[in-house]
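Labels below follow one simple rule: chain letters A, B, ... track the order of the sequence lines, proteins then strands, and each chain is numbered from 1.
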Amino acid sequence: MAERGYSFSLTTFSPSGKLVQIEYALSAVAAGAPSVGIKASNGVVLATEKKQKSILYDETSVHKVEPITKHIGMVYSGMGPDYRVLLKKARKLAQQYFLVYQEPIPTAQLVQRISSVMQEYTQSGGVRPFGVSLLIAGWDDACPFLFQSDPSGAYFAWKATAMGKNYMSGKTFLEKRYNMDLEVDDAIHTAILTLKESFEGQMTEDNIEVGICTETGFRRLTTAEVKDYLAAIV
Amino acid sequence: MSRGSNAGFDRHITIFSPEGRLYQVEYAFKAIAQGGLTSVSVRGIDCAVVVTQKKVPDKLLDSATLTNLHHLTPRIGCVMTGHSADSRSQVHRARVEAADWKYKFGYDITADMLCRRLADISQVYTQNAEMRPLGCCMILVAIDPQLGPILFKCDPAGYFCGFRATSVGAKHHEANSYLEKKLKKHPELSYEKTVELAICCLSSVLSMDFKPSELEVGVVTKESPKFRTLSESEIDVHLVSIAERE
């Protein structure tokens, strides 16, 4: 990264000991579209708002909820282009692990490696931190996992969390509604309701995306399935 | 909150501003409008069309050599809007990427994958301080073997998306509003209607009636999926048809 470019880091300590570029990156995340993750007893749910600015956009051409491997998927809040970079890296890291160990990468391992990449961009020469926070959902060995990875490179395991715009009210909503015995179907329902709290306008199957991770693997719900869940709410 | 030693640099290189914005990327968008040209692109049910203004700044210039429509592969065409040198660089890179894909995988790259690749490259410029973002925006059109006609745009922020119709350049806000109005009812656009919609959009937002020499039109259709630019006489046929309708 620093071969022919800057040989010094652009992210440096302020007199008060803060890394302000990381704080600014977190502002970029907090300005992004809301996303939600909920860990159920038999799986994990990821959901995000995918509002396009005009009807001219073809919403089927790009996706926010993306698989990394058959059993791990992720979603983001923040800057789309930065997300794509991390998505590509995550996919490659997962395959590299498989090549060495001949087993699917455990979710925690993937999260640790991708967070390490994010940390590098806060310390390497001539680059800025990523302007995204990631929600990574996986299933290993009959256990569901939900992790959040921040621009600083720090990562946390969650039972349920929200990111992006109005994430504080999203988290408060989840704190009230979460319990350990939720099943995936209820979790999808709760995730959609959490998004609805801060949603402006009419929520349809075209302006949200939902992904679920269960023992059969990770997949993004089709618009028809999302429509059914939305119908159940209204 | 003290700003540390990064004070003031957020406007010069691509690091975050206190609000979490990238000023250099925002300025790159302004650079696209600097050229003063606007381009419009529309997707029909069996075709995709790109239209751009042709402004020849000097009568001594050989206008045949001045074009903003480019072939990236025989089946993928694009229109470039913005800084002309950056445009040339991006077109060249796109051609290299497309050829590389063909060499590595043995089949032609599709427009959406090419657009994604260029957007990923543009993203690198928004994250590395040593290279500035390019001051140009590319709209790609092609007939995809699975998806049919497709229209993609990639911008200096590294963002890309597929569109039903879009515009870039000095008057893109007005052009997009015009297109939104016309496409609100999801009309089925035939080839002629698609070309005419694109031309009418430009005419309307620029408030001028075009001569064939002032426009460049590029098309891909299901019957002839190879990207081609229309000749002045073909453009004239569409202009006459528009004039007769009104």
* To do: Kindly indicate whether the side chain of Asn128(B), heavy atoms from C-beta on, has any atom under 4.5 Å from the side chain of Tyr6(A).
  => no
For residues 92-117 of chain B against chain A, heavy atoms under 4.5 Å, the residues are Arg116(B), Arg117(B)
Nearest heavy-atom contact between Phe16(B) and Ala28(A) is CE2-CB, 3.9 Å
By residue number, those in residues 160-175 of chain B with heavy atoms under 4.5 Å from heavy atoms of chain A are Phe160(B), Cys161(B), Gly162(B), Phe163(B), Arg164(B), Ala165(B)
Closest non-hydrogen atoms of Gln52(A) and Tyr159(B), given as atom of the first, atom of the second and distance, are OE1-OH, 3.7 Å
Within 6.0 Å of CD in Gln102(A), more than 12 heavy atoms from elsewhere:
yes
* Asked: Between Gln127(B) (side chain) and Arg128(A) (backbone), is there a donor-acceptor pair under 3.5 Å?
  -> yes
So side-chain hydrogen bond (donor to acceptor under 3.5 Å, both in side chains) across residues 178-189 of chain B, not counting sequence neighbours, yields Ser54(A)-Glu180(B)
Listing, residues 63-75 of chain A side-chain donor-acceptor contacts under 3.5 Å, not counting sequence neighbours, or none:
| unit_1 | atom_1 | unit_2 | atom_2 | d |
| --- | --- | --- | --- | --- |
| His63(A) | ND1 | Glu209(A) | OE2 | 3.1 |
| His63(A) | NE2 | Arg220(A) | NH2 | 3.4 |
| Lys64(A) | NZ | Thr48(A) | OG1 | 3.3 |
| Lys64(A) | NZ | Glu49(A) | O | 3.1 |
| Glu66(A) | OE1 | Arg91(A) | NH2 | 3.3 |
| Thr69(A) | OG1 | His71(A) | N | 3.1 |
| Thr69(A) | OG1 | His71(A) | ND1 | 2.9 |
| Thr69(A) | OG1 | Ile72(A) | N | 3.1 |
| His71(A) | NE2 | Ile105(A) | O | 2.8 |

dist Thr60(A):OG1 -> Leu147(B):CG (nearest 0.5 Å) comes out at 8.0 Å
Arg84(A) and Ala119(B) have their tightest heavy-atom pair at NH2-CB, 3.1 Å
Rounding to 0.5 Å, atoms CG (Asp58(A)) and CG (Leu151(B)) come to a distance of 9.5 Å
Minimal heavy-atom distance between Ala157(B) and Pro81(A), with the atoms involved, is O-CG, 3.1 Å
Between the CG atom in Asp82(A) and the OG1 atom in Thr126(B), the distance rounded to the nearest 0.5 Å is 5.5 Å
> With a 4.5 Å heavy-atom cut-off, do Leu22(B) and Met79(A) have their side chains touching?
Replying inline: yes
To the nearest 0.5 Å, atom CG of Asn176(B) lies from atom OH of Tyr57(A) at 7.5 Å
Distance col, row Ser61(A):OG vs Lys153(B):NZ, nearest 0.5 angstrom, shows 12.0 Å
Max heavy-atom pairs within cutoff under 4.5 Å with chain B, candidates Gly80(A), Ala25(A), Ala31(A), goes to Ala25(A)
Distance col, row Ile13(B):CD1 vs Leu10(A):CG, nearest 0.5 angstrom, shows 4.5 Å
NZ of Lys171(A): more than 12 outside heavy atoms within 6.0 angstrom?
yes
